[in-house]
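Both counts, for ligands and for their atoms, begin at 1 and track the order of listing.
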Amino acid sequence: MSTLLLETLKKAELDQYYSSFSANGITQLEILAQLSLQEYSSLGITSVADRKKLFHLVQSLRQETPSLDNGLVSPLLKTSNLIHPYKHRSPPNSDITRRGSSTQISSQPPPITPTRTRSRTLTSFDAKPDFLYDRERLHFPLADKEEEAETEEEEEEERCEIRKEANPLLDSYGVPIKSRFQQKPSLTTANSSQPSDLNQKIRVCVRKRPLNKKELERGEKDIAPTCGIRSINIQEPKMKVDLTKYIEQHSFTFDDVFDSDEKNDKIYQRTAQPLVKYVFDGGKATCFAYGQTGSGKTYTMLDPQYGLYVLAARDVFHWIHQPEYEHLSAWIGFYEIYQGQLYDLLNERKKLFAREDGKQNVVIVGLKEFVIKNVQDLMQVFEYGSQARSTGSTGANSDSSRSHAVLQILLRPTKNRKKIVGKLSFIDLAGSERGADRGDADVKTRMEGAEINKSLLALKECIRALDQDKRHTPFRQSKLTQVLKDSFVGNSRTCMIATISPNQSNSEHTLNTLRYADRVKELKGERDTRKTTASSPPAPAACFEGFQEVEPEEDLLVSDEFDQDDLLLHHFPSDSDLHILDQELPHEHMKRQPVDLLSSSPASFLPPPVPSTVEDCFLFDPNTIQSILRFHRAQIREVTEYSKAETKLLANFSLGLSSRREEKSSLRDELKTSSEFIEYLDNLDEVLEMKTAAIEALRDRIRQVLGEEEL
Ligand SMILES: Nc1ncnc2c1ncn2[C@@H]1O[C@H](COP(=O)(O)OP(=O)(O)OP(=O)(O)O)[C@@H](O)[C@H]1O
């Protein structure tokens with residue numbers, strides 16, 4: 001049937017979108033016939049000519065559908081395919097089924113019982129699984145397990161269906177989606193529907209972990225109530241200068257927000273699962289978790305049993321046994337990025353180098369890759385690599401969470417191992433941290449922290465560039481982004497899962513994480529709509545006895561974090577001030593050259609000359625103007641946040657300094673002052689780096705609009 005689809009698309013001169021259609025579950029003409037105009041863009045069809053062609057094609061298909069005679073599938077047949085996706089599988093003894101049994105591998109205990117990656121007791125470094133000695137290993141799960149596995153597989157399918165019922169599909173706005181997508185064939189281990197919002201180029205989701213035992217014992221409250229399926233509020237306890245306590249509520253909206261009781265399989269369905277299929281259709285995809293230490297990154301990504309990489313591996317092996325993908329093999333590579341250097345976790349931490357081949361593929365020179373035939377293989381290799389990562393803590397790095405680990409699954413043609421058909425990367429990022437968290441850390445720890453922050457900043461900027469379809473992606477800014485370069489260009493998809501701890505004492509961290517995530521994807525056209533769509537109930541102030549709730553805007557200038565002197569330095573406009581931007585649209589002035597405020601002569605600030613003829617005027621698309629205004633507003637907010645952070649640093653340092661001056665100064669005091677001064681400068685430098693990056697991003701955008709790319 002997909003051949004028919006391909007032929008039809010070819011005739012309509014739309015075959016270049018075939019992989020995008022497939023990735024979106026549009027594998028049959030009948031499904032194509034149900035496509036609405038609004039969905040064209042999410043399939044990557046933006047050119048007017050192609051949209052017209054597709055429109056005509058869809059219209060003509062609609063006239064024909066449904067009809068078995070003309071090769072289209074009836075809805076009835078589709079439904080049965082959906083419920084029993086394995087129905088037409090080869091008999092149990094065939095080679096395909098033999099390998100296919102590995103998709104149920106989770107029902108059998110893995111040979112090495114994996115423990116939590118970062119807390120495991122190390123076994124000997126030499127305890128290399130036999131598997132790793134032979135790249136072409138051909139031992140598969142025993143045949144006598146197959147029938148059992150198959151039965152379990154069917155049970156799993158049934159469960160999946162039930163799950164689907166339990167979780168009605170929702171579109172980007174949280175409205176249940178009916179009919180069309182529910183009819184699409186999909187992967188086995190998950191919800192069998194793929195609404196289009198799962199196939200965006202970039203998705204940003206948030207996962208909140210439950211309060212842990214210690215936090216509950218301390219009587220900590222959950223300050224991060226979710227609101228619907230896409231929004232979350234953070235109720236930040238604060239204190240005014242007059243010591244009145246109050247709560248500042250921050251609301252965020254993302255592609256998905258997962259509450260603390262959501263399980264990994266649900267999260268998988270809405271994050272990594274669409275990427276798996278995308279990779280089989282020739283794309284490159286990256287899935288990563290970002291968040292504070294202890295917020296659940298490893299639990300989400302690399303849990304030995306239910307981590308997203310295991311769930312993804314099951315689907316990889318499901319797909320690889322389908323006739324259309326039988327020619328492919330799956331390979332695994334696992335390496336670590338520590339202090340801007342790559343180390344092979346499957347080859348005794350050998351140093352590696354990243355290069356780019358002529359086809360813009362990033363090649364990690366020297367990386368050992370292994371063919372994997374089933375989930376068990378993958379788990380063994382992963383387990384082995386994780387040990388190497390932890391072992392490294394006694395050598396290169398002091399703590400594994402201070403490095404980024406990249407697990408990549410590559411699809412290559414079995415007969416041409418040099419070629420990469422698809423690439424799926426799972427990244428366990430180093431924990432984000434604030435300068436203050438480093439305490440009295442030594443130089444090495446500070447350097448590590450600076451490197452981590454630099455790479456996380458670069459990652460954010462790259463994903464933003466991806467989201468905005470920018471021509472320039474700043475991947476050179478860090479080793480992390482350099483090695484992920486081919487995941488940022490061409491056919492690429494990215495999913496970020498921001499993990500947060502919901503307790504009060506982590507509120508600042510949580511806000512930082514959510515701001516980072518928000519910045520990654522704040523400029524989507526839907527952003528404003530989503531904000532008004534998702535109503536945020538007021539914070540339950542009762543949770544915080546003695547606290548009084550105020551609107552965030554009111555608080556912008558009044559906080560315990562600033563002393564009076566500092567406040568004078570920072571009169572930032574509130575959001576309402578920014579409406580001025582909506583009223584004034586000086587697009588006739590936008591053609592002028594960008595002005596470098598630092599180096600320009602006063603003459604540069606003169607108003608641009610009024611165009612003498614109509615031809616001199618440059619007409620801008622209203623969407624472009626609106627998008628620039630949104631961008632500018634967002635950038636002002638971000639810069640404001642950084643300025644607030646600067647103010648706080650200054651206030652803290654000067655407060656400490658003046659308190660010591662009042663007393664008699666001792667050598668100890670002077671030493672303390674010096675060490676605090678270094679910390680203040682370090683942190684300031686970091687904040688300024690981020691502030692500069694935010695300003696640069698806006699300038700990039702300006703140049704882009706003024707047609708002055710490439711940067
Ligand atoms: N969604 C969750 N449900 C239940 N427990 C969770 C969840 N998320 C995290 N935890 C638990 O919280 C603890 C910390 O999680 P985890 O190790 O995944 O954090 P992390 O962000 O990877 O930290 P680090 O950056 O230090 O590696 C673990 O004990 C984990 O089992």
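Close contacts of ligand 1 with Gln292, meaning ligand atoms under 4.0 Å from a residue heavy atom, involve 21 (O). Close approach of ligand 1 to Gly296 is summarised as follows: ligand atoms under 4.0 Å from at least one heavy atom of the residue are 8 (N), 9 (C), 15 (O), 16 (P), 18 (O), 19 (O), 20 (P), 21 (O).
In this structure Tyr680 satisfies the ring-ring contact (aromatic ring centres under 6.0 Å, His included) test together with Phe653, sequence neighbours excluded. Applying the side chain to side chain donor-acceptor pair (under 3.5 Å) criterion to Asp685, with sequence neighbours excluded, gives no partner residue.
Annotation: Pro210 places no N or O atom under 3.5 Å from an N or O atom of ligand 1; distance criterion only. The shortest N/O to N/O separation between Thr298 and ligand 1 falls below 3.5 Å. The N/O atoms of Lys297, backbone and side chain alike, include one that comes under 3.5 Å of an N/O atom in ligand 1. Between Ser295 and ligand 1, a contact under 3.5 Å exists for at least one N or O pair. At least one N/O-N/O distance between Tyr299 and ligand 1 falls below 3.5 Å.
Remark: aromatic rings of Phe382 and Tyr309 are close, center separation under 6.0 Å.
At least one heavy atom of Arg207 sits closer than 4.0 Å to an atom of ligand 1. Under a 4.0 angstrom heavy-atom cut-off, Met301 registers as lying outside contact with ligand 1.
Of the possible donor and acceptor atoms, one in the side chain of Arg207 sits under 3.5 Å from a partner among the backbone N and O of Glu262.
A donor-acceptor pair shorter than 3.5 Å cannot be found between the side chains of Tyr299 and Asn264.
Note on ring orientation: taking the six-membered ring where Trp is involved, the planes of Tyr516 and Tyr290 are parallel (angle under 30°, cut-offs 30° and 60°).
In this structure, CD1 on Ile337 lies 8.5 Å from OG1 on Thr481, to the nearest 0.5 angstrom.
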